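Throughout, a chain's letter reflects where its sequence line sits, starting with A, and its residues are numbered from 1. These figures come from a predicted structure and were not determined experimentally.
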2 protein chains.
Amino acid sequence: MANIQQVAKHAGVSVATVSRVLNGQTTVTAKTKQKVEEAIQYLNYEPSMLGRNLRNSESRIVLVLIPTISNPFYFEIIKGIENMALSQNYSILLCETDSKPEKEEIYFDLLRKKMADGIISMDPAVNVETLKELAENYAIIQCSEYGGGMDIPYVTIDSEEASYRAVKHLIQIGHQKIALMNSDEKFLYARERRMGYERALQESGIPLNKNYISYTQELGFEQGQLAMKKILHLDDRPTAVFAVSDLLAIGALKEIKAAGLQVPQDIAVVGFDKIDFSNMTNPALTTVAQPMYKMGTIAARMLIDKIRGKAVDSVVLGFELVIRESTTG
Amino acid sequence: MANIQQVAKHAGVSVATVSRVLNGQTTVTAKTKQKVEEAIQYLNYEPSMLGRNLRNSESRIVLVLIPTISNPFYFEIIKGIENMALSQNYSILLCETDSKPEKEEIYFDLLRKKMADGIISMDPAVNVETLKELAENYAIIQCSEYGGGMDIPYVTIDSEEASYRAVKHLIQIGHQKIALMNSDEKFLYARERRMGYERALQESGIPLNKNYISYTQELGFEQGQLAMKKILHLDDRPTAVFAVSDLLAIGALKEIKAAGLQVPQDIAVVGFDKIDFSNMTNPALTTVAQPMYKMGTIAARMLIDKIRGKAVDSVVLGFELVIRESTTG
DNA sequence: GATGAAAATGTAATCGATTACATTTTGAAA
DNA sequence: TTTCAAAATGTAATCGATTACATTTTCATC
């Protein structure tokens with residue numbers, strides 16, 4: 001494994017010149033450049049990023065914090081982040097926190113130890129205090145999730161409006177008894193989605209039935225099954241369910257079928273996120289599509305700008321209601 | 001951001017002593033140690049991994065190559081790798097190749113440029129020649145997938161036997177007309193799984209029907225739908241399908257239902273991998289469970305051993321047939 | 001051929017840690 | 001108190017790049 005000194009020696013030039021060739025600087029004669037390139041070829045030289053990174057005080061790595069890799073919600077966002085990052089010569093380190101502070105801390109430490117240049121957080125459970133503190137000294141962007149009152153730049157969609165539109169759709173196709181399967185309201189987006197739900201009902205003069213709202217600790221399949229089980233046992237059973245994640249909705253689907261009922265004839269179901277799998281279920285799921293890929297690229301762009309010291313502003317993106325069989329048959 | 005010099009100065013000792021405290025060496029007096037720790041605290045010092053990594057000629061990062069992040073098959077393996085890696089103070093960089101040589105090359109370059117200490121490859125489409133070449137100079141382990149004839153250590157299961165057992169199960173519950181939905185036979189595991197399929201048939205005296213075997217380019221949901229569509233149009237329609245991935249099987253499920261047929265009454269379905277979703281379908285999928293998490297930890301262990309210069313041997317792990325509703329109703 | 005500004009190249013410091021080797025301190029034994 | 005091995009600490013080289021500044025080369029102009 002050759003280093004820059006050996007290349008310089010072999011090419012009969014100084015290390016500065018080799019470095020100039022490496023970094024495509026223009027002040028190098030064509031002849032010199034060729035000599036250097038031959039030496040590089042001959043010695044099979046690859047510049048070490050360890051040396052470069054130390055000298056430049058950067059790692060060219062960005063951290064992407066997610067609660068779990070198993071949630072398909074993050075796929076497209078991650079792809080967006082990754083492609084943008086790669087195009088700017090950054091690599092991304094995917095960090096599964098399992099929503100545990102201990103694991104978060106491991107990755108925060110990577111930042112503190114200069115092993116990473118910044119963080120894109122998609123973890124709603126993230127330790128807000130620590131994040132705020134870190135944001136004072138390091139580049140941090142929140143993507144899709146964001147806490148209120150922090151001056152950390154974020155990119156997200158209008159959750160309240162999206163929720164409103166989903167419920168509105170159910171009302172428009174004739175539903176009055178609509179259940180909301182929400183996540184814990186310690187999360188801002190959960191509160192926003194409940195508000196959208198309430199606004200849609202109110203607007204149509206439908207009274208709010210508190211029994212129709214359930215809260216789950218996580219947004220997974222099993223939680224959807226459990227919540228649906230309870231809903232099915234209600235005295236005045238709803239005819240529609242709006243779940244704030246596709247996985248919840250898919251759990252609901254399975255439970256409804258297990259009870260011998262039909263979707264959407266007996267109960268209509270709407271999910272949220274448009275994960276790949278939402279199209280694979282039977283029936284295919286009506287759901288709210290967030291512009292995930294775009295969200296990813298924008299978040300990455302924002303982060304890299306921030307790393308480079310530019311000022312960045314938060315962004316709110318549009319969304320789309322994708323109507324499929326689980327509401328229209 | 002303080003550095004080690006400043007800590008040394010503030011504590012009134014040399015950088016060597018600070019380094020010793022940092023690395024928990026025993027040759028430091030309790031009193032000196034305390035002085036250093038106070039200085040660290042006071043200056044809010046965090047050792048830079050950039051300096052350390054250059055000096056130690058390591059990056060403490062390992063690359064994990066996968067074709068796509070969307071395939072749930074990799075989740076548990078990745079978790080296994082990650083936990084083992086973290087316990088040894090390594091971080092993992094998840095590399096999506098999209099099965100494209102250009103993207104592979106980006107990550108191979110990270111290795112050449114010392115930005116990574118080794119690679120765990122789970123990409124069957126990986127450029128075999130390049131991988132072989134790299135393996136001469138760098139630590140590389142193949143996980144779950146492996147090409148024949150290479151001396152790159154791998155961890156995997158006995159695909160032939162797993163396939164044999166899956167088909168055997170179908171035969172035992174009364175099926176004779178069993179279709180195989182296989183992946184492209186350029187992959188070793190695909191050839192092995194066909195062999196297991198054939199062995200099971202042969203053993204029971206069932207003649208091989210070439211029309212019952214289909215090949216798909218990818219292992220996704222859509223490919224499963226397409227392949228199933230063709231199978232449903234066969235003159236002598238099979239009563240069972242063995243798909244070499246759960247996503248293929250889930251595609252088949254949906255297609256069978258779309259044709260108005262019942263699973264397993266009309267057609268039984270067996271998948272492979274036991275991804276989370278295989279339990280969320282209707283009916284739940286009978287499938288072959290690989291010990292994914294364990295596979296991940298072992299692969300990571302092997303890689304780290306290899307990085308440290310130890311000799312490592314390939315490992316073949318056991319598997320388990322998980323019988324659920326899609327075959328037994 | 002002499003001149004001198006511009007272009008090309010070189011020298012050496014620097015980034016922040018680790019560690020071999022050198023030096024100083026400690027403290028038990030004489 | 002002296003002695004001296006062991007323990008503690010310090011000095012300075014090192015990892016491999018980048019780059020400010022210094023020096024040399026080039027070449028158009030007179």
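The local environment of CD in E102(B) is crowded, with over 12 non-hydrogen atoms from other residues, nucleotides or ligands closer than 6.0 Å.
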### Task
Heavy atoms under 4.0 Å is the rule here; annotate nucleotides 5-18 of chain C 5' to 3' with B where the base is hit, S where only the sugar-phosphate is, and - elsewhere.
---SBBBBBBBBBB

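Taking the side chain as every heavy atom from C-beta outward, I307(B) and Y138(B) never approach each other to under 4.5 Å. Looking only at side-chain heavy atoms (C-beta outward), I66(B) and I78(B) come within less than 4.5 Å of each other. Side chains of I157(B) and P291(B) form a contact here, defined as non-hydrogen atoms less than 4.5 Å apart.
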### Message
Walk me through whether Y189(B) and S183(B) qualify under side-chain hydrogen bond (donor to acceptor under 3.5 Å, both in side chains).
### Response
CA-CA 9 Å; Y189(B) 76 89; S183(B) 118; 3.1 Å; yes

